[in-house]
Amino acid sequence: MSGIKKLLSKHISKYPYVEIKWHDIEDSSEWSNLESLSKEILPVAVSKGYLLNQDNGVTKLFRDYIETKGKDTFEDIGSTVIIPTSVIVSMRKIKL
């Protein structure tokens, strides 16, 4: 699904529902030492949603949408996520 670039559609079936695993940033303001920092690993976050696109180094998802009354289309979206494509570990399409 890398490099996905498509025209925007008002039909939800045009957007694959995906699960993306990605390396998240972790920080700490606690006192520590070099040895413990050298052993730290990045957490893997998991996001699920409708894939809008992957373009210019970012992957965009939306999780919610409002159906248009009486039509097979949708209007507004919510719960959006923008992930730097370079931190994605895996992406898989989920059948609904």
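There is no path of hydrophobic side-chain contacts, each under 4.5 Å, that joins V46 to I82. One hydrophobic cluster, built from ILVMFWY side chains closer than 4.5 Å, holds both I94 and L52. Hydrophobic clustering keeps V81 apart from I66 (ILVMFWY residues linked when any side-chain heavy atoms are closer than 4.5 Å, directly or through intermediates).
For I41, the side chain to side chain contact (heavy atoms under 4.5 Å, CB included) test picks out no residue, with sequence neighbours left out. Under the rule for a side chain to side chain contact (heavy atoms under 4.5 Å, CB included), the partners of S36 that lie at least two apart in sequence or sit in another chain are S32, N33. For K48, the salt bridge (charged side-chain N to carboxylate O under 4.0 Å, His left out) partners at least two apart in sequence or on another chain are E19.
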Residues K60, F62; criterion side-chain contact (heavy atoms from CB on, under 4.5 Å); working and verdict: CA-CA 7 Å; K60 297 176 184 176; F62 62 95; over 6 Å; no
side-chain contact (heavy atoms from CB on, under 4.5 Å) assessment of I88 paired with T59: CA-CA 9 Å; I88 293 177; T59 300; 3.4 Å; yes
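Residue pairs meeting the side-chain hydrogen bond (donor to acceptor under 3.5 Å, both in side chains) criterion with at least one member in residues 22-31, sequence neighbours excluded, are W22-S47. Counting only residues at least two apart or on different chains, the salt bridge (Lys or Arg N to Asp or Glu O under 4.0 Å) pairs with a member in residues 35-46 are E35-K39.
Exactly one residue among T80, I20, N53 makes a side-chain contact (heavy atoms from CB on, under 4.5 Å) with L61. That residue is I20.
Taking the six-membered ring where the residue is Trp, F74 and Y15 present perpendicular rings, their angle passing 60° and hence far from 30°.
The two residues P16 and K93 come nearest to each other via the heavy atoms CB-CE, 3.9 Å.
With a 4.5 Å cut-off on side-chain heavy atoms, M91 and Q54 count as touching.
Crowding of L96 atom CG: a count of heavy atoms from other residues, nucleotides or ligands under 6.0 Å exceeding 12.
Under a 4.5 Å side-chain heavy-atom cut-off, the cluster of Ile, Leu, Val, Met, Phe, Trp and Tyr residues that includes L37 has no other member.
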